[in-house]
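Notes for the one structure printed next.
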Amino acid sequence: MADGARRNPLFRNLTAKLAAVPMVLTALVVFAGGTVWTVVYSFTSSKLLPKLKWVGLDQYERLWGASRWLVAIENLLIYGVLSLVLTISIGFMLAVLLDQKIRFEDTFRTIMLYPFALSFIVTGLVWQWLLNPEFGVPSVIKAMGWESFELDLLHDPKIVLYGLLVAGLWQGTGFVMCIMLAGLRGIDEDIWKACRVDGIPRWKTYLFVIVPMMRPVFITTLVIVASGIVKLYDLVVAQTSGGPGNASQVPAMYVYDYMFQAQNLGQGFAASSMMLVSVLIVLIPWAYLEFGGRKRG
Amino acid sequence: MKTKTLAALLCSAVAVPLAANAVDLEVTHWWTSGGEAAAVAELAKAFDASGDHWVDGAIAGSGGTARPIMISRITGGDPMGATQFNHGQQAMELVEAGLMLDITDVAEANNWKSIVNPPSLLDACTIDGKIYCAPVNIHSPEWLWISNKVYEDLGIPVPQNWNEFVASAPQVEAAGKIPLALGGQPWQSNLAFGAISVAVAGLDVWKKVNVDKDMDVAAGPEYAAVFKAAADARKLAAKSNVQDWNQATNLVITDQAAAQIMGDWAQGEFAVAGEVAGKDYTCLPGLGLNAYLSTGGDAFYFPKLDDPEKEAAQKRLAALLVAPETQVAFNLKKGSLPIRGDVDLATANDCMKKGLEILASGNIVPSGDMVWSADVQKQIEDLMVEFWSSDMPAEDAQAKWVEILKSGL
């Protein structure tokens, strides 16, 4: 029996391998295949229907000359950096607060995690109402007596991006907090005891001992949050639909509009290929840190 | 009991001859607002009465949302019986790919060539000499809607054209009102620019650029005047911060804004609010400068199906859509103009009559959908959004606009 298994390693765990076949096929055909197809057709002049008529880098030249695309990239950078820094730092701080063995921890955790259960469309619509200067929070503040209060996070092109940021943070920090809390709970009690014996203050312990130990947790969070930022679409559509003017455009909206409204698949594919590149820029260092690091260790 | 069975039998006996060739056809469209839905119901009623069955496939959220769904259904192998598109190039590639039914025989049998007015509507349905769509209505975007009350309160006469309106704007503004209402949706800034360009440049110049594609004229002084007028309008609309077109119309209805540039569908909103054309509001086709209207609008296309019975039903529907009775019933509800000049719209209001007169006199501009591809139009729309919401100088906007047009040659 043992000899037979050694001769045919392919058939070891046959059922498990068979069960994995559909998933492997899906990954290869749908993900990898679809990605390659999209990149290939981004070098064509496809309009409404995909056609293999090569135009080289024309689509990319036009893309990087389009002011709407440049605005979208700039918006994504601002939103992305702020959102990344703020979700992770706020999420970590909330997790630390919850980690102080407080009463009703479960209740707080549930409340914090609730927004994550809502889709971005709902989040966007809710915040559209909350931020509306005539019905929302700004009008409440005015009614309370602060007459000169003016904050229009929906219609002022200079600050509309921060309205989106507020909604995004509200939705996403609870989830980051939960990951961080799990990471904090994974730290051995003995480390805390050792630090206390050495007389290190709590905040120093967190900053110089616990955070470095939680490196894998931070990296995972970073990747999840960052890939969510790159594909940002539904929140913007629901809250501002890219406006006022082009002030809150994001790359994913450009892709959709050019693929379907402008009936220019080639242009849409070029834009989505650029989005893929930006995801890879995030993913490759992560993969290197995660998998490359293990080999060395 | 017995009488009921008998009655049922009788009914079915009568119904059978009809049911023998009754076919269910799914029709997709994006007419979902109150007046639009009432208009579609007229079409459905007429089709059901002719013995077939209209399966309504309304897609909410305007053409921008609906068209991608329709196109992906047709290209994805799940075609509907008939679908709405705007006249022009929107469905051209679908036709070229052989996905649409050729209805030339229906058009010839019903003599569409001589009844469809303006003929450009049928030309937009014709590709390589074959007809692929049935036009149903005409919508024109070049209208200026003015609130009479705003001017009565100011004690000055209601402007009769765009220049008078611009001249009166400082007084309107001094009274604390918005001179020009403009919604934030991208297509609205594009529409306003289109209306201003026909009105200010005039038809000949417009045709040189958009039909003959003369790029020197596009970069020339006539269009520089257009962009200057648009920059004026941008200043007048600076305080208008609504999103949807009907919210902007509502600013005019409630006399918070003096005027709005919007298509003839706006009069549906005035009618619902109980306002009377000529008394409560004034409409100026072609902004009162050049009384030209473009003849965009809606048409129905019929995707190819493998079922000969359904194909016959599609052709029956095509004939029905252009029939005079359907045209009258539909367009009165829709507030649009009929595609044939030989029908009687006695109940039409002042503004509709103005529109009909212009059509009859032949002052017609082909709609942008017919002369430029969707790609070029989307880029122009992007440019207009940027132009209207920033302080981009008119000359820069013109230069960029010419670049976009050149890319579509």
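Because the structure is a prediction, the values reported are computed rather than measured. Reminder, nothing fancy here: chain letters follow the sequence lines and each chain counts from 1.
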- line: The interface call for B:Leu94 against chain A, heavy-atom contacts under 4.5 Å, is both
- prompt: If you draw a 6.0 Å radius around CG in B:Asp78, do more than 12 non-hydrogen atoms from other residues or ligands fall strictly inside?
  reply: yes
- request: Would you indicate whether the side-chain heavy atoms of B:Gln379 and A:Arg62 approach each other to under 4.5 Å?
  value: yes
query: Above 12 or not: heavy atoms from other molecules or residues under 6.0 Å from NZ of B:Lys228?
result: no
- prompt: Should we count OH of A:Tyr60 as having more than 12 external heavy atoms under 6.0 Å?
  reply: yes
message: Looking at every heavy atom in both B:Glu93 and A:Leu49, which two are closest together, and how far apart are they?
response: OE1-N, 3.4 Å
- prompt: Got a sec: does the CH2 of A:Trp64 have more than 12 other heavy atoms crowding it under 6.0 Å?
  reply: yes
- prompt: Among B:Thr75, B:Val385, B:Val376, who wins on heavy-atom pairs under 4.5 Å with chain A?
  reply: B:Val385
CD-CD1 distance between A:Gln263 and B:Ile71, expressed to the nearest 0.5 angstrom: 4.5 Å
- prompt: Can you tell me if B:Asp382 and A:Tyr258 form a side-chain donor-acceptor pair at under 3.5 Å?
  reply: yes
- request: Determine whether more than 12 heavy atoms belonging to other residues, nucleotides or ligands lie under 6.0 Å from atom CH2 of A:Trp37.
  value: yes
message: For a 4.5 angstrom cut-off between non-hydrogen side-chain atoms, does B:Lys378 reach A:Asn264?
response: no
statement: If you tally heavy-atom pairs under 4.5 Å between each of B:Ala97, B:Gly184, B:Ser189, B:Ser389 and chain A, the highest tally belongs to B:Ser389
- prompt: Would you say B:Asp375 and A:Lys47 make side-chain contact, with heavy atoms under 4.5 Å?
  reply: yes
- prompt: Would B:Glu386 and A:Ser67 count as having a side-chain donor-acceptor pair, cut-off 3.5 Å?
  reply: yes
